[in-house]
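We name chains A, B, ... by the order of the sequence lines, and we start the count at 1 in each one.
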Amino acid sequence: MRKQVTLRTIFYYAAVILLVLGVTGVSRADGPAAAKGRKTSPHGLYSPMRLDFGADGNLLVSDYQLGMIVTVDRKTNEPIGWFALEGRPLGIAYLKGHIYVGNTTAGRIDVFNAAGLQFKKNGSFKTAVENPTDIAVDPGTNRIFVVDGSAKHVKVFDTKGELVGQIPASDPDNSLLAAPTGIAVDPVRQEVLVGDYGNKGEDISPRVQIFDYSGNYLDTIVSMVSSGGMGMGGGWNKKPRFSRPQGLAVDGAGHIFLVDCFSCEVLVFDRLSGDLIKTLGGFGTDPGQMRLPLDIIIQSKTKDLFVTNNREARIEVFEKGGVL
Amino acid sequence: MKKHRLLIPGFIFIVIAVFAVVFYGPGEAGALNPSHISCATCHSLHTAPGQSLTSDAVVEVLCLSCHGPAGTATKKAEVHTNKSGSAYAPFTMGCTDCHNPHDNQGNHLGGTNLSQVGKSLDSTGYAMIPTPNSGNRYVVFENRGSNAVPPYDSSLHSFASGDEDGDGNYEGACEVCHTQVSHHRNYADGDPSHDHTHFVGQNCTVCHPHISNFNPAGGGSCDACHSSIYNGEFTQTSHHLGGAAVTAADCAVCHQEPDNNHMNGNIDLKDPDTGNPLNLNIPRGATRDTAVLPANDTWDVVQLQNSFCFKCHDSNGAQSVATPMTPFSSGHTVPNIWDLFDPANNYHHAVRQAFDNTFCNANTMEPPWDTQAANQITCFDCHETTGHGSANQRMLRTAIDLATMETTTTPSSLPAGMGLTVETFCTLCHKASEYVAGAANSKFEYHGVNQNQHRAAGGNELGCLGCHGGIVNFGGVADNGSARGNIHGGSFQWPSDTWSANSFTDAFIVGGWISGWQANTSSGNDGCGGGDCNHPGSTRRNTPGKEYTQVAD
């Protein structure tokens, strides 16, 4: 007997579709930590971009609109200090008493001491970095890795500010890095990981590109989302769906933490398989939720995750969010 | 069952169609901006929890994921807000308040707007912007052409057109809303005196960049907006930096003007030692009413002096800068003025604390000396408060040609009236009736008519500075440690072959005429300690090597 397609049938299938989507496409592997995100005071931060741990273990946060580097207490999540720079900061990293800041206005890397005083003599790297969107450092090799969003590559400097390398070593058609954003280095594996929006026109999907320190291409974690398209975290068959990959972090145990500023989630991958292990956060204004998250760092001992929650002007803390 | 499965994509199609019809009229999704590649750039078919098939409930996040500071788009933007601390109620205009994300709009002048400015809000389909106070207004945002300064191209319609086409509409992208701001006012009455007198012809976004919430930022460079300070105050006769061109980094040594307090009506300074902001509430354009003593100030000059000036002008300079003694790009060393005012010095102006000097009392001093608490003065009793620069040397309140004094060895070559200028300056505080016109044989006989040659009117070309400290390297002789140039304060011993050998001077002696010379004898009129004084019958003047020898450093 032939069934009639009725309004009731349509709603039935609509319910089925929503159910399917509910357990796959929009599911989040929220661990207990995801609910523990806590708000910080809105005072002190205005437009937090990137962050790193400072000398005392507190957070150094670049605030684009303030034109400042704000120090946030790691335990209380409250701003406790700041210093200004001549221009708009984006990337930031701390290495052995020096704070390296990507000055997007001046198109250079400015260097400050731990107290926030800029080194007047050789206070900035001589080599221009037109759009220094993110910075990562390796204390072992004293290398400073700077994403130049305009040049579409990573510039590698020594601590004297001398340019010593470029990642990828060669990429004339920008196929290896189409639209680089965030960066992390894995000192254990001697790898450089770069978030890449991809290029819809060239059919390059959003991805995380992985290189060795010499700039040789190693691997890709590619999103199932078509290049330039939208998608939420999670995915089918443990394959990730992200569309706007930004900041990255590694835990030294083979896990990669990626912030998708569009889905507003933290996605955790297995380095070797590329499988999605876990997601945290999501869109919203409540604690544990984010709007336009841009960067992430992980505290090695506690496994706490700290994420810049740009639109909410705060640091989102996922206590033990790095415990897998 | 197979037929049922086929219903799934059908259902999805229906959902898409419904949303498209409900939320977007025909033509809304017309010519997609090429840089956005495809619908999927912003929309997600399967996984969008938010409205309009975007995968985010707030378009702001969607747009800024690419156009925000950390995004990869070349056109950077931020939502339109006012500054924190603004006198006006906080507001936020999101991306779609001004932009149509799907298409560039045609405008009522027959052109097509750029940057997807405007929305289709009426039956005509012409681009409009919903203004907060004036309803929907036509907006025109076209290429300004090649001539962006007067005389404009006839086709210019951009940020603030000023009704260039004379059609009675003020349709620039900014001025459709900004009709009552400090600048670029739009009274819509056609009176050219009413508006557009501020950076005429300049794009608003030069000083109010989109990436800075449209707040004044100048792209991080102070010069972008404050060129008059760069090219005016810092190019005057005397100015901070010691002669070099000012940079934005130099500004940041003294000023703390982040976006959240920039343009708040106050001059926001920072503590040069800590780098922390100083809340001195100095109103913009503040000056000191020096015509009235004590000065009729609306701001605390003493606090400014102690919390700001002396934090830099001390022995350790500006501690908040990596090179404290040379905080500016010029490399000019910060003079240590704080120590000169040390009350332990044998002579000093009473800036750091009251000076128990019996010669200084209500009979001898002008206000504020005898009326101000503790009989103290400030930097600004002698120096101008315009910290950037001054038309006068040393930023003094009076134009005194100290440079000529320092380089001229022949008194007759000194400009006429110089002594009187100095005398007038000093007698702003030190009563002229006592020190210049003091009665013969009075306590002040050495200054008064009894010793006329000590007065400017009596031939003292240097005025008070002829004997009292204040001229650096007078006569071309480098500082030998005397009181020269130490009009702030100091300690100096009389030369060993003078009457008062090895005792400390007071009253800022030794100064101009005296300090560059040393007596060969110690008798008679040489008692003042030596010098090229104009004593009657003396042939010593301008004859070094006779009774007096010019000191070699």
Taking every non-hydrogen atom, the tightest pair across [X] and [Y]:
X        : Y        : value
A/Gln246 : B/Ala70  : NE2-O, 2.9 Å
B/Cys66  : A/Arg244 : SG-NE, 3.2 Å
B/Pro277 : A/Trp82  : CD-CZ2, 3.1 Å
A/Cys264 : B/Val61  : SG-CG1, 4.3 Å

From [X] [atom1] over to [Y] [atom2], what is the distance, rounded to the nearest 0.5 angstrom?
X        : Y        : atom1 : atom2 : value
B/Asn213 : A/Tyr46  : CG    : OH    : 4.5 Å
A/Leu294 : B/Ser65  : CG    : OG    : 9.5 Å
B/Leu64  : A/Phe262 : CG    : CZ    : 11.0 Å

Under 4.5 Å heavy-atom distance to chain A, tell me which part of B/Glu60 shows up: side chain, backbone, both or neither.
side chain
Which atoms of B/Ala252 approach chain A - backbone, side chain, both or neither, heavy atom under 4.5 Å
neither
Check side-chain contact (heavy atoms from CB on, under 4.5 Å) between B/Cys63 and all other residues, then give those that pass, not counting sequence neighbours.
B/Val59, B/Cys95
Can you tell me which portion of [X] sits under 4.5 Å from chain B's heavy atoms? Options are side chain, backbone, both or neither.
X        : value
A/Leu292 : both
A/Ser150 : neither
A/Thr181 : side chain

Closest-packed option against chain A by number of heavy-atom pairs under 4.5 Å, given B/Gly71, B/Pro69, B/Gly68, B/Ser320:
B/Pro69
Looking just at side-chain N and O atoms, do B/Ser212 and A/Arg88 make a donor-acceptor pair shorter than 3.5 Å?
yes
Tell me whether A/Arg311 is salt-bridged to B/Glu78, with the criterion being a basic N under 4.0 Å from an acidic carboxylate O.
yes
B/Ile211 backbone acceptor or donor facing A/Gln65 side chain under 3.5 Å
yes
